[in-house]
Amino acid sequence: MVKIVTYNVNGLRPRVAQHGSLRRLLDSLDADIICFQETKLSRQDLSGDVIMAEGYEAFISCNRSSRGRGPYSGVATFCRVTSAFASQEVALPVAAEEGFAGLQGSAKDNEVIGDFVLDMPMDEEDLGEITREELLRVDNEGRCIITDHGHFVLFNIYGPSIGEDDEERVRFKLLFYKILQKRWEFLLALGKRVFVVGDLNIAPSSIDRCDASPGFEKQMFREWLRSMLREHGGPFFDAFRSKHPERTGAYTCFNQKVGAEEYNYGSRIDHILISGACFHDCNSVEDHSIFHCHVEDCEIMNHFRRGDSGNISKWKGGRSSKLEGSDHIPVYMILNGIPELPAHNTPPSAARYLPEIRGRQQSIGLDISRDRENQSCCSDDLERRSISKEELATGITEFCKGVNQPSPTSKRRNLDHWINEGSSGSSQNSNVTLVAAQGMKTSFSGVKSVSNKKNKHNLSSQPTIKSFFRRPKTKPGDANINSLASSVDTVPKMDELCSPKDDRLEENIQCTAAADGDPDNSNISSSLSTDKCNIATLEWQRIQQRMKMTLPLCKGHREPCIPRSVKKGSNIGRLFYVCARAQGPSSNPEANCNHFQWASVKSKGKRQ
C-alpha cells in the first residue's frame with residue numbers, strides 16, 4: 001500500500017512550530033509520500049529543522065524571484081523510507097527534478113537517470129512566443145517538484161493565485177499551465193503513469209465552490225482543468241470527485257480573514273489527478289486504468305489537527321482577526337497493489353545533498369573532530385605534567401591569597417607560571433594531576449569575563465530592555481503616583497470596544513494603594529487613587545458609548561459592524577463598514593449578511 005498526501009501548509013516553519021518538530025508534523029499525516037505547497041522558504045532560509053527528518057528524504061523547490069516581498073510559494077516532497085540507500089521502496093524516487101521547464105538543477109545538463117528523462121525537448125513552434133526568460137521566470141517561483149517513483153511520475157504543484165484584473169499574472173498563470181500540460185503530454189506519450197497533486201488554485205466545477213455564481217464554470221482556467229479530466233475527454237481522473245461524484249460541501253480551502261470555515265464556506269482547489277494504465281496484463285485500458293484497479297480511497301482530512309489547540313478555533317470577528325493554522329485541509333489517496341522497485345539510492349537532487357544543508361553538517365563534523373583532537377592533546381599534556389599534593393596545596397593557597405591584591409590578569413599569569421615551574425620539579429610518584437589547578441584557572445577566567453560585562457554595563461548610559469519591565473523602587477512620597485498607576489489593570493483593545501458583546505466595562509476594577517510610607521499618607525493616596533479609578537472608568541465608558549454610536553448596525557442582524565479600509569485602487573485608505581459575523585452560505589441566516597457601507601468621510605491617509 002502507498003499513501004500520498006497533499007497539503008498546502010501556508011508556511012512550513014509555523015506548521016513545524018505548531019507540531020513541535022518536522023518529524024511530528026510528518027508523522028501526524030501518516031503517509032508514504034507527503035507533498036507540501038506554499039512552504040514560504042528561500043534557499044537562504046533552509047536549515048535542518050525544516051528540511052531534514054529522520055526516516056524521510058526531502059526534495060524541495062524554493063522561489064528565486066522575490067517580486068518585491070519576502071519568501072512565498074515553494075513546494076517540498078517528503079518520502080518516508082526505511083533506508084536511503086539500496087532501497088526497494090516505491091516511496092523513494094529513482095530521480096527528481098526541480099521545476100518543469102527543464103532549466104533548473106540537473107535538467108540543465110539534459111541528465112537521464114534510468115528511463116526517466118529529466119529534460120523535456122521543447123521546440124520553438126510548440127511554445128509559440130514563449131522565450132527562455134519566461135520559462136526561467138516560471139521555474140524561479142518554486143512551484144513544482146517532479147519525482148520519478150519508477151512506476152509513476154509525481155508532480156507536486158502549487159498553482160498561481162491571481163486577480164482577474166492583473167493581466168501580467170493572468171499571462172503568467174496561462175504560461176504556467178501551458179508548459180505543465182506539455183510536460184504531462186510528453187511523459188504520457190512515453191507510456192508513463194502521471195500523478196499531479198497539490199494546490200492548483202482552481203475549483204473545476206460549481207459543486208466545488210460554495211455559492212458558485214451562474215457563470216462560474218465559464219472561467220478559462222476552470223474550463224482548461226475540466227478539459228484535462230477523463231469525463232471531458234482528457235487523460236486524468238480527479239481522484240476525489242471520481243470516488244465521490246455527488247458529494248457536496250467538500251471543500252479544502254477557506255478564507256481565514258472572514259472566518260469562512262465556521263460555516264463551511266470554501267472551495268475545493270487541492271487536487272489529486274491520476275493517469276495511466278494498471279499493472280495487470282489486459283487489453284482494455286478503459287476498465288483497467290490505474291485509478292480503477294489501484295486507487296482504494298481518496299478523502300479530505302477534515303479532522304486533521306492544523307492549529308495549536310486541535311482544530312481551527314472559532315472566528316470572533318474583528319478588523320485584524322485571523323484564525324490560526326493553515327487555511328487548507330490535507331487530501332490523501334491510498335494505492336494498493338503497487339510492486340516494489342529494484343534496489344536504488346537516494347537521487348543526488350535530494351535535500352540532504354544541498355550545499356545549504358550538507359555544508360552545515362560538514363562544519364559540525366569538523367568541529368567535533370577538532371574537539372576530540374583538543375581533548376586528546378590536553379589529556380596527553382596533563383599526563384606528562386604531574387605535581388605533588390603538597391606543591392598543589394601550597395600553590396593554590398598562595399594563588400588565592402594574592403600578594404598586594406594583584407589584578408585577575410596577574411593572578412592568572414602567576415598561576416600559569418607556578419604550574420609550569422611546579423610541574424618541572426614534581427615527584428614522579430605523585431598521582432595528583434593538574435586537573436584541579438586547571439579547574440581553578442578556568443574558574444578565575446570565567447569570573448574575569450563576568451566582571452568585564454558588569455563593568456561595561458555600569459559604564460554604559462543606555463538602559464537595557466529588561467529595565468523597562470522592572471517595578472521602580474518606591475519612596476514614601478511616591479505613593480500617590482504608584483496607586484494611580486496600579487488603578488487600571490488593562491486597557492481595552494479596539495476589537496473589544498467594537499464588539500457587540502461588550503455592553504459595559506467591568507465595574508470591579510481593583511484600585512490598590514502603595515503599602516510603603518506613612519499609614520496616613522497611604523489612606524490619603526488610596527482615596528485619591530479610588531477617585532481617579534472612577535474617573536478612568538467613566539472615561540472608558542464614555543469612549544465606548546461614543547464608538548457604539550459611531551459604528552453603524554448591519555442590516556441583517558442589527559449588530560455593530562466592523563470598520564475596514566481599502567488597501568489599493570482609487571479609494572485607497574477610505575473607510576467602510578461590514579457585518580462582523582463569519583462568512584457563510586447566503587442560505588444560512590446566522591452567517592454574514594453581506595452588509596456594506598462607506599464611511600461618511602474619506603480617511604486622510606492609508607491606514608495600516
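- Looking at R268 and P204, their side chains come closer than 4.5 Å, going by heavy atoms from C-beta outward.
- Side chain of R23 to backbone of A53: no donor-acceptor contact under 3.5 angstrom is found.
- Using a 4.0 Å cut-off between charged nitrogen and carboxylate oxygen, K3 and D32 do not count as a salt-bridge pair.
- Counting only heavy atoms from C-beta outward, the side chains of I329 and F304 never approach each other to under 4.5 Å.
- Classification of R171 and E134 as a salt-bridged pair holds, one side-chain N sitting under 4.0 Å from a carboxylate O.
- Cation-pi geometry between R193 and F279 is met: the NZ or CZ atom falls under 6.0 Å from the ring centre, inside 45° of the normal.
- Taking all atoms of both residues into account, the shortest heavy-atom contact from I51 to A58 is O-CB, 3.5 Å.
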Show your working on side chain to side chain contact (heavy atoms under 4.5 Å, CB included) between W184 and M228 and close with a plain yes or no. CA-CA 10 Å; W184 295 342; M228 293 289 102; 3.9 Å; yes

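- In this pair, F195 and F152 present their aromatic rings parallel. The plane angle is below 30°, not in the 30 to 60° band.
- Atoms CG and CG, on L200 and N8 in that order, are 11.0 Å from each other to the nearest 0.5 Å.
- Taking 4.5 Å as the limit, some side-chain heavy atom of L135 sits within range of a side-chain heavy atom of I179.
- Side-chain contact between R15 and Y7: present, with at least one pair of heavy atoms (C-beta onward) separated by less than 4.5 Å.
- Using a distance-only test at 3.5 Å, with no hydrogens or angles considered, a donor-acceptor pair links the side chain of S28 to the main chain of L25.
- The side-chain contact (heavy atoms from CB on, under 4.5 Å) test with T252 singles out one residue from D208, I300, D199, and that residue is I300.
- L26 and I34 make their closest contact through O-CD1, 3.6 Å (heavy atoms, listed as atom of the first residue, atom of the second, distance).
- R13 has its side chain within reach of D49: a pair of non-hydrogen atoms, C-beta onward, lies under 4.5 Å apart.
- Looking at L46, T39, D45 one by one, the single match for side-chain contact (heavy atoms from CB on, under 4.5 Å) with C62 turns out to be L46.
- Note that NE2 of H292 is 7.5 Å distant from OG of S242, once rounded to the nearest 0.5 Å.
- A donor-acceptor pair under 3.5 Å links the side-chain atoms of S275 to the main chain of P235, judged by distance alone.
- The distance from atom SG of C144 to atom CZ of F176, rounded to the nearest 0.5 Å, is 6.5 Å.
- Using a 4.5 Å cut-off on side-chain heavy atoms (C-beta onward), D238 and H271 make contact.
- Side chain of H328 to main chain of I269: no donor-acceptor pair is present (N/O by atom type, distance under 3.5 Å, no hydrogens or angles).
- Distance alone, capped at 3.5 Å, is enough to place a donor-acceptor pair between the E89 side chain and the T82 backbone.
- Ring geometry, W224 versus Y177: the interplanar angle falls from 30° to 60°, so the pair is classed tilted.
- Remark: K173 NZ to E168 CD distance equals 15.0 Å, nearest 0.5 Å.
- We find the CD1-CD1 distance between I290 and I274 to be 4.5 Å, quoted to the nearest 0.5 Å.
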With side-chain hydrogen bond (donor to acceptor under 3.5 Å, both in side chains) as the criterion, how do Q37 and T6 come out once you've worked through the C-alpha distance, each side chain's angles and the decisive distance to 0.1 Å? CA-CA 8 Å; Q37 301 88 42; T6 176; 3.1 Å; yes

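- Taking all atoms of both residues into account, the shortest heavy-atom contact from R241 to R247 is NH1-O, 2.8 Å.
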Using the side chain to side chain contact (heavy atoms under 4.5 Å, CB included) rule, take H149 and I338 through it: C-alpha gap first, then chi angles, then the decisive distance, then the call. CA-CA 11 Å; H149 298 266; I338 308 296; over 6 Å; no

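- A heavy-atom distance below 4.5 Å is not found between the side chains of N63 and Y158.
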Using side-chain hydrogen bond (donor to acceptor under 3.5 Å, both in side chains), reason through Y332 and D297 one step at a time and then give a plain yes or no. CA-CA 8 Å; Y332 75 85; D297 195 11; 3.3 Å; yes

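- Taking OG1 of T346 as the reference point, atom NE2 of H344 lies at 7.5 Å (rounded to 0.5 Å).
- Within the 3.5 Å criterion, the main-chain N or O of F216 finds a donor-acceptor partner in the side chain of R222.
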Decide yes or no on side chain to side chain contact (heavy atoms under 4.5 Å, CB included) for V331 and V5, but give the supporting numbers first. CA-CA 6 Å; V331 181; V5 166; over 6 Å; no

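- Taking all atoms of both residues into account, the shortest heavy-atom contact from G142 to S73 is O-OG, 4.2 Å.
- Salt bridge present: R80 and D30 bring a charged side-chain N and a carboxylate O closer than 4.0 Å.
- For the pair R169 and F172, the cation sits on the ring face: its NZ or CZ lies under 6.0 Å from the ring centre, inside 45° of the axis.
- Cation-pi geometry between K243 and F291 is satisfied (NZ or CZ under 6.0 Å from the ring centre, within 45° of the ring normal).
- Across L92 and S83, no two heavy atoms sit closer than the pair CD2-O, 4.0 Å.
- With respect to I145, the side-chain contact (heavy atoms from CB on, under 4.5 Å) criterion is satisfied by exactly one of I157, I60, T77, L154: T77.
- Residues V170 and F221 come closest through the heavy atom pair O-CZ, 3.9 Å.
- Between the side chain of N156 and the backbone N or O of A76, at least one donor-acceptor pair lies under 3.5 Å.
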Trace of the side chain to side chain contact (heavy atoms under 4.5 Å, CB included) decision for L22 with Y56: CA-CA 10 Å; L22 176 62; Y56 294 87; over 6 Å; no

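- Between E98 and S349, every side-chain heavy-atom pair lies at or beyond the 4.5 Å cut-off.
- Using a 3.5 Å distance cut-off with no hydrogens or angles, the side chains of N10 and K40 do pair a donor with an acceptor.
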